[in-house]
Amino acid sequence: MINYKEKLTLHREFYPSKDIETSIESDRGRILSSSAFRRLQKRTQVFALELNASIRTRLTHSIEVAQNARYISKTILSLLKQQNKLEEYNLIELENAFISTAEMSSILHDIGNPPFGHFAEETINKWLKTNIIPIFENLKSSTKQLQELKNILIKDICNYDGNAQAIRIITKLQRLNLSYSQIISVLKYTRGAYEDKPLNQESLNYLKKKPGFYFSEKEMIEKIQKELNIKKSHRFPITYIMEAADDISYLTADLEDSVEKGILSLDDIYRIIKNECVKQNDTFLLQIVEKQYEKAKKDEEPYQFNMFFTFLRVNLVTNFVNHVSNIFINNHESIFEGSFNFALLEYDKQSDYFKALQIIKDVSTKYIYQNKDVQTLDLKAYKIINSLFDVYFPLLKLDSTDFAKLLKDEKIDCFISRRLIKRVSSKQIVAYKNEIEKINSLNNEEFEIYERYYRTRLIIDYISGMTDDYALEEYKILFAIN
């Protein structure tokens, strides 16, 4: 039975609000005022270290996604109202909460992404697998249980993911104390980073295809799932809206930025998409693109670019929003339960919408992401991220006793570590100390395993939390460049 009063609630870790409207506004204020949100303005969307302010950053992208989520949410509620379902689903007094939760989850969806974009995720994981696994393997584990714990934590620590990092930032590093509904709406994938990747035919395999949270946040996620009656590995219903809004935002954004950057021209965009549509026998996207291109070409030269993308975006977004809203309504029970094992835009792979999305993704991959200049920036990012982890590696090589002394500002033999720890953010150090307080009573071997896990998280938190320009500046400082 669909009952949104079970999902959109007042529950939060501390100081719950007295009514849903206050709770929703509190969440919005906390999110929009957070430093993690502000840092998105200096994070790469596609083009790293971009000086042109008209090119999208993670911040401007997130705002666009939030607008799409708002549009989808309102469309869904309008359709439910037409079907006289709002009262039946207990949404009459929760319409604003429904819309705002979708909107704010979209604002938060990229908050865990590292500097320099997705390429940095791969770089971080490669460094961790090469350097951290040997350290964990050398830790004592005299029982089968301890060896299993060690294996779980090794798998978890080597599965850095921006989605999982977002949950960690919200709950542990920024400690925003958001409502449980708002936190769980950000959980795009429902698998723990410590769990095996599902097989192709496994139940809920799409929802578990990537890590959604770390072992360090496992307890919090389970608590929220219990409070909101969400089964293990199932998704919060509003998360489907955030995901669709993100997918829709990619329809024109990267193409538009590529023209702004001079990688492609407006004529190139039209020609490439037209050729791809003809090749794949797609008339839906072709008709929309041709119509907007012909309309734009009638305008004066300086305005053709803006005209084309403005009207193309409006046309595509309107069509796609109506499409995903209908899929949401038609599959409402499984979506509400969280067992709908698809992205809304990938549900009907025979639809014009899915084909259009794939064409645009293929064009972007071939002509933008594989562009030599873009990949050169990726190589720079690879060097910067690897080098920063190498510099801070001495902090991870220390034994737990020396590291504890370091945090108390006591002298230890490793002179470089005494200097490095001063550069690490106090918020990350506090999060580490809070975790260590919880494990102080464990036996020595178990403590050593957990301590090394949380210390590695500390360094990951610090470096992955940097903005693009801060990471570059830190690299220059530490390698005495300039």
With distance as the sole criterion, is a donor-acceptor pair present between the side chains of [X] and [Y] under 3.5 Å?
X    : Y    : value
E121 : H118 : yes
Q428 : S425 : yes
R58  : T44  : no

#### Entry: R175, CZ: over 12 other non-hydrogen atoms inside 6.0 angstrom
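It does not: R175 CZ has 12 such atoms or fewer within range.
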### Task
May I ask you to say whether R457 pairs ionically with E435, meaning some side-chain N is under 4.0 Å from a carboxylate O?
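Looking at R457 and E435, the cut-off is not met.
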### Query
Looking at E13 and K223, does any basic side-chain N land under 4.0 Å from a carboxylate oxygen?
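No salt bridge links E13 with K223.
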### Side chain proximity check, D402 to C414, heavy atoms < 4.5 angstrom
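Contact flag for D402/C414 side chains = no.
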### Steps toward salt bridge (charged side-chain N to carboxylate O under 4.0 Å, His left out) verdict (E195, K155)
CA-CA 8 Å; E195 297 178 302; K155 187 182 296 181; over 6 Å; no
### Query
Are the side chain of N371 and the backbone of Y367 linked by a donor-acceptor contact shorter than 3.5 Å?
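No: the side chain of N371 does not pair with the backbone of Y367.
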#### Entry: Evaluation steps, salt bridge (charged side-chain N to carboxylate O under 4.0 Å, His left out), between D399 and R452
CA-CA 9 Å; D399 62 36; R452 197 63 62 116; over 6 Å; no
### Message
Pair R12, D27 - check salt bridge (charged side-chain N to carboxylate O under 4.0 Å, His left out), show working.
### Response
CA-CA 10 Å; R12 70 178 72 221; D27 282 345; 3.1 Å; yes
Name the atoms and distances for all side-chain donor-acceptor pairs under 3.5 Å in residues 247-254, with sequence neighbours left out.
from, atom 1, to, atom 2, distance (Å)
S249, OG, D246, O, 2.7
Y250, OH, Q45, NE2, 3.3
D254, OD2, Y369, OH, 2.4

